[in-house]
Structures are given as structure tokens and as C-alpha cells.
Amino acid sequence: MLVTKVKTFGKGLRLLLFFALLPATSTNLWGKAPARGEVPEIARVTISVYNHAEVRADVLERAEKEASQVFDRTGIEVTWLNCRIPAVSEEASRACREAVFPEHLHLRIVRKSLGLTGETMGISFQADDGSGCYADLFYEPMEQLHQSDGIDLASLLGHVAAHEIGHLLLGAKSHSAAGIMHGRWTAEELASSKVGGLAFLEKESRRMKARLATAVQASAVQTSAVQTSKEWPSATATAVPARTRD
């Protein structure tokens, strides 16, 4: 596994976001690129959310709203499925389990990573071809940053979620020099008054929308390319941070 570590310095604390490459487990739906580089005005993605960390309902609702607003600015509409185990119905269970790259992705919120450092806040899983449907968010280090620096918890959760979803929609090597996909977030950027500056760049918006549009085109003629999730992929236990310069 290749893991890229990012640091943020603010009052002695570091925000760590991880991006992982795993063996291929999902079907590549990229197909042919949109004609003449056309990009739709609006694209749509569905996110199944598993709240294993028992985040308060009001915090989770605000976090999803924050993440939706980040994607709204790119022209991507997000539908959130808040999934329960056991599910309230078989229909709800089927809807939540479905995972289709890149139209239907999964986020799991847990207390902390079992194999990464205690400061890790998120990890996304991708195959060698850049496809992937799954990401984990780690809530305990977010609470610690909230308590020490006063950063709004729902806003932090929402923007970390958007960052990890961004990795899944953008593919490999998707860190950028600025914006929400920037590898280094400062405490100032995470402050409530300036967190709105964490947004996707225009080229990232176009890339995500183009990928979603291409997948919709491909799925129209490849309806069997659906991956049903039975259990979450496990890889964090073997994660080893790559060396980075301070």
C-alpha cells in the first residue's frame, strides 16, 4: 500500500489525511470520454454513510450539508443515504449496499484508525486504475482538534468528507497546490470564518463532472457493472506512512 501523509500545523496539532492505493476490487466504468471534452452543467453522486462512531444526528446533518455546499459549487449534487445496521427495510438495505464507481460511493465514520496514527482523520481506498468506492473517516481526532483549537466539529467533518470523496472522484495523485485537495491545511483555513475557502479548483470540478458523466454513459450499456458491498475492505492495519519532508 502506498500512503501519502499530509501535515497541518496549528497550535502544535497536525491534520492528517490519507490517500491509499489498494488492489483492484471494483469495475472500471470510465468508458469513452465525453464528446469533444463536453462537461455537464450538473452531475450527481450518491453517498452511503455508516455512522459507526455514533456522531450526533445534528452534527452529522450539518456535516453533510457542509460537504454538499462544497460540491454544489462544482455543479455536483450529492444524495446522502444515512444507513443503519440493521437496516429499517430490505429496500433500504439494498439501496445502501449498492456501490457503483463513481456514481455511488461509501463513507464509514468510525472512532479511530486501528492501524494508522492516532491523528489520522481519513483514508480513501482506490485500485491501481484510480477506481474506488470506499473511504473511512476517523472522528476521535476531529473531536480532539475541536476541543483544543475550537474548530467547528460539523464543518471539519464535512470538509474532511468532501476531501476523501474528492480523492475517489478525481483518482490517483489528486492532491493539489491549493483548495480543498491541498495536502496541507492550516488552522487558519479550518477556522469557521475562513473554511469556505476550502473548495475544489475549476479543473478539479470539470474532471469530477466529466468522470461522472462518462460513467453514466457507460452504465447505460453496461448495467451489470455493479459491485454489491458485503463487507468493508480492510487495509488500514498494514498502512505505513511514506516519508515526507517537514
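- Within the 4.5 Å cutoff, side-chain heavy atoms of E204 are placed close to those of L170.
- More than 12 non-hydrogen atoms from other residues, nucleotides or ligands lie less than 6.0 angstrom from CD of E90.
- Hydrophobic clustering (ILVMFWY, side-chain heavy atoms < 4.5 Å, transitive): L201 and M208 are in distinct clusters.
- Transitive grouping of hydrophobic side chains (ILVMFWY, heavy atoms separated by less than 4.5 Å) brings V110 and I123 into a common cluster.
- No donor-acceptor pair under 3.5 Å is formed between the side chain of K209 and the backbone N or O of I76.
- Here L153 contributes atom CG and M142 contributes atom CE; the two are 8.0 Å apart, rounded to the nearest 0.5 Å.
- No donor-acceptor pair under 3.5 Å is formed between the side chain of S131 and the backbone N or O of A127.
- With hydrogens and angles disregarded, a donor-acceptor distance shorter than 3.5 Å links the side chain of H106 to the backbone of E98.
- Annotation: side chain of H104 is in contact with side chain of L81 (closest heavy-atom distance under 4.5 Å).
- Atoms CE and CG, on M121 and L145 in that order, are 4.5 Å from each other to the nearest 0.5 Å.
- Atom CG in L212 sits 7.0 Å away from atom CD in E103 (nearest 0.5 Å).
- Taking CD of E164 as the start and OG of S124 as the end, the distance is 4.5 Å to the nearest 0.5 Å.
- Atom OG1 of T74 is separated from atom CD1 of I180 by 10.5 Å, given to the nearest 0.5 angstrom.
- No donor-acceptor pair closer than 3.5 Å links the side chain of H159 to the backbone N or O of V70.
- Residues E143 and R111 are paired through a salt bridge, judged by an N-O separation under 4.0 Å between the basic side chain and the carboxylate.
- A side-chain donor-acceptor contact under 3.5 Å links S48 to the backbone of C96.
- Judged purely by atom type and a 3.5 angstrom limit, Q69 has no side-chain atom pairing as donor or acceptor with the backbone of E66.
- Between F101 and G132, the closest heavy-atom pair is CD1-O, 3.2 Å.
- Within the 3.5 Å criterion, the main-chain N or O of S89 finds no donor-acceptor partner in the side chain of S93.
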- Query: Stepwise, does the side-chain contact (heavy atoms from CB on, under 4.5 Å) test hold for Y50 with I85?
  - Reply: CA-CA 8 Å; Y50 292 86; I85 300 178; 3.9 Å; yes

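- Judged as a ring-ring contact (aromatic ring centres under 6.0 Å, His included), the pairs with a partner in residues 62-99 (not counting sequence neighbours) are, in order, F71-F200.
- Proximity of F138 to I109: side-chain heavy atoms (C-beta onward) are nowhere separated by under 4.5 Å.
- Scored by the side chain to side chain contact (heavy atoms under 4.5 Å, CB included) test, R44 finds I42, E77 as partners (sequence neighbours excluded).
- Of the possible polar contacts, none joining the H175 side chain to the M181 backbone as a donor-acceptor pair under 3.5 Å is found.
- Contact check for E140 versus Q144: side-chain heavy atoms found under the 4.5 Å cut-off.
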- Task: Report the C-alpha distance between V78 and I47 in whole Å, list the side-chain angles of each, state the deciding distance to 0.1 Å, and finish with yes or no for side-chain contact (heavy atoms from CB on, under 4.5 Å).
- Result: CA-CA 7 Å; V78 181; I47 311 292; 3.7 Å; yes

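- Among all heavy-atom pairs drawn from L137 and A161, the shortest one is CD1-CB, 3.8 Å.
- Hydrophobic clustering places I151 together with V59 (ILVMFWY residues linked when any side-chain heavy atoms are closer than 4.5 Å, directly or through intermediates).
- A donor-acceptor contact shorter than 3.5 Å links the side chain of R211 to the backbone of L169.
- Residues I165 and L107 are in side-chain contact: their nearest non-hydrogen atoms beyond the backbone lie under 4.5 Å apart.
- Each of R207, H163, H167 was compared with S174 under the side chain to side chain donor-acceptor pair (under 3.5 Å) criterion, and only H167 meets it.
- A heavy-atom distance below 4.5 Å is found between the side chains of L156 and V160.
- A heavy-atom distance below 4.5 Å is not found between the side chains of E64 and L157.
- Contact of the L60 side chain with the N51 side chain is registered, since non-hydrogen atoms from C-beta on lie closer than 4.5 Å.
- In plain terms, the two heavy atoms of L168 and A135 that are nearest each other are CD1-CB, 4.2 Å.
- We find the NE2-OG distance between H146 and S155 to be 12.0 Å, quoted to the nearest 0.5 Å.
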